[in-house]
Amino acid sequence: MTSFSFATTPSLLVEQGGTAKIGEIAAGLGCRRVAFVTDANLVALGHTEAARRSLATVGIDVWLFDRVAPDPPEAMVLDAVAGARAAGVDGVVSVGGGSCLDTAKMVAVLLGTDQPIGEMYGVGLVRGERLPLVVAPTTAGTGSEVTSISILTLARAEKMGVVAPQLFPDAAILDADLTVTLPAAVTAATGIDAMVHAIEAYTSKIKKNPVSDCLAREALRLLGGAIRRACEAPEDRAARGDMLLGSMLAGKAFANAPCAAVHALAYPLGGIFHIPHGHSNALVLPYVLDYNMGEAAGLYAEIAPIVFPDLTGDVAAGMIERFRTLGGELGMEDRMGPLGVTPDDIPRMARDAMKQTRLLVNNPREMTEQAAAAIYTQAL
């Protein structure tokens, strides 16, 4: 038997309306005053109300940070840490999308140590222990609720990752009610992002393992079966629940069998052009899959019928073609040019993508700067 390790968030609640139990869970972790990390839009939509009521019911005070921005900037995270430290919090709660959850994870870690954030970027470099952390995702995409990863954007518009076991939350709540107001384009982008997590975990060169494989296959079954319905009928709780569950399973998979070149090439699109992460992944996905075909065709053939059950013939090639058109069919822009990317931007993007060595080492085929530039050109 091949040796491998597997780690994940230790406690998970999957329940419609389960956000109303966040106070009970936080109290069980010993929290008396928490930093509540979210964004202003979610507050305006009312998505934080149930969580805040439940915290008040059990006597937990709240210091609210509702200024999370997409592609969370390092400076914003440090502002949140300073405010939370001044407020004397003893735990962190987050209701939000991947940016909120990634911010909350870093806030919890930074409040538990005096280690400078600059020393944390990379794999396994965090020292000390974080504060208690409970999260509830409002998008079905990043899987951040079950990963040990936080992605931040530096001042130079470069995305960097902190990967450490301290970033696994203590508990996560999957509540389909939190996702019903997501616009179709966001549902599509985050859903494809979750599919990318599962695909890249299934083909990860170094740490692919039997547990991650099982999770990735089930994630693709759920996501492939629900994404159109979730986009077309946003209040369908069954479809929304399948998307959340699929996203979480994909998150568990890639937390242990890490992502690869799709994510590496997506990061410059987010860091430089502020294209949302899921959309960035969707833009480069088919072209990276095509690039990897020589080494990964067999694995692609295993998962293609799970995502698209009606495929026949060369199912690996058929899967790639379906992903070329899926975003557009679901209402997303499927080319980079209309989003502001020009041919002159490609050399810088290719250089930045090659800095993502922690990701590129997992790709089935070695990625070069020239190949990255060619992929961006195809996606333009």
>> Just to verify, which of S144, S150, S94, S148 counts as forming a side-chain hydrogen bond (donor to acceptor under 3.5 Å, both in side chains) with K105?
In response: S144
Measuring from atom [atom1] of [X] to atom [atom2] of [Y], what distance do you get when rounded to the nearest 0.5 angstrom?
{"X": "H47", "Y": "D177", "atom1": "NE2", "atom2": "CG", "answer": "9.0 Å"}
{"X": "L360", "Y": "M367", "atom1": "CG", "atom2": "CE", "answer": "7.0 Å"}
{"X": "R365", "Y": "T203", "atom1": "CZ", "atom2": "OG1", "answer": "14.0 Å"}
{"X": "R52", "Y": "I60", "atom1": "CZ", "atom2": "CD1", "answer": "13.5 Å"}
{"X": "L283", "Y": "I375", "atom1": "CG", "atom2": "CD1", "answer": "13.0 Å"}

>> Show every side chain to side chain donor-acceptor pair (under 3.5 Å) that has at least one partner inside residues 29-44, sequence neighbours left out.
In response: none
For [Y], is there an ion pair with [X] - N to carboxylate O distance below 4.0 angstrom?
{"X": "R322", "Y": "D310", "result": "yes"}
{"X": "E15", "Y": "K21", "result": "yes"}
{"X": "R324", "Y": "E321", "result": "yes"}
{"X": "K205", "Y": "E295", "result": "no"}

[X]: what forms a salt bridge (charged side-chain N to carboxylate O under 4.0 Å, His left out) with it, not counting sequence neighbours?
{"X": "E366", "value": "none"}
{"X": "R217", "value": "none"}
{"X": "R221", "value": "E218"}
{"X": "K355", "value": "E158, D352"}

> So S99 and D102, side-chain hydrogen bond (donor to acceptor under 3.5 Å, both in side chains) or not? Walk me through it.
Replying inline: CA-CA 5 Å; S99 294; D102 278 10; over 6 Å; no
Applying a strict under-4.5 Å side-chain criterion to I, L, V, M, F, W and Y, I'd like to know whether [X] and [Y] cluster together.
{"X": "L42", "Y": "L101", "result": "no"}
{"X": "I306", "Y": "L326", "result": "yes"}
{"X": "L330", "Y": "M319", "result": "yes"}
{"X": "L249", "Y": "M195", "result": "no"}
{"X": "V134", "Y": "V43", "result": "no"}

Could you check if a side-chain atom of [X] sits within less than 4.5 angstrom of a side-chain atom of [Y], using non-hydrogen atoms only?
{"X": "L152", "Y": "M160", "answer": "no"}
{"X": "Q378", "Y": "Y291", "answer": "no"}
{"X": "I346", "Y": "L380", "answer": "yes"}
{"X": "M243", "Y": "T179", "answer": "no"}
{"X": "N281", "Y": "I192", "answer": "no"}

>> Suppose we screen for ring-ring contact (aromatic ring centres under 6.0 Å, His included). Which residues come up paired with F308, at least two apart in sequence or across chains?
In response: F323
Would you kindly say whether [X] and [Y] are connected by a side-chain donor-acceptor distance under 3.5 Å?
{"X": "H263", "Y": "S280", "value": "no"}
{"X": "S212", "Y": "N256", "value": "no"}
{"X": "D193", "Y": "T190", "value": "no"}

>> Run the side chain to side chain contact (heavy atoms under 4.5 Å, CB included) test against R229 and tell me which residues pass, sequence neighbours left out.
In response: A233, D236, A239
> Taking only residues two or more places apart in sequence, or in another chain, which ones meet V211 in a side chain to side chain contact (heavy atoms under 4.5 Å, CB included)?
Replying inline: F4, F6, N209, L215
If we ignore hydrogens and angles and just use 3.5 Å, is the side chain of [X] paired with the main-chain N or O of [Y] as donor and acceptor?
{"X": "Q166", "Y": "G128", "value": "yes"}
{"X": "D175", "Y": "T19", "value": "yes"}
{"X": "R130", "Y": "F168", "value": "yes"}
{"X": "E200", "Y": "A261", "value": "yes"}
{"X": "H279", "Y": "E333", "value": "yes"}
{"X": "Y376", "Y": "D345", "value": "no"}
{"X": "Q115", "Y": "L125", "value": "yes"}

> Applying salt bridge (Lys or Arg N to Asp or Glu O under 4.0 Å), which residue pairs with at least one partner in residues 80-96 are found, sequence neighbours left out?
Replying inline: none
> If you group Ile, Leu, Val, Met, Phe, Trp and Tyr whenever their side-chain heavy atoms sit less than 4.5 Å apart, what else falls in with V186?
Replying inline: L182
>> Running the 4.5 Å side-chain criterion over Ile, Leu, Val, Met, Phe, Trp and Tyr, what cluster does Y267 land in, apart from itself?
In response: V123, I149, I151, V163, F254, L359
Acceptor/donor pairs from residues 63-78 side chains to any protein atom, 3.5 angstrom cut, sequence neighbours excluded:
from : atom 1 : to   : atom 2 : distance (Å)
D71  : OD1    : K159 : NZ     : 2.7
E74  : OE2    : Y121 : OH     : 2.6

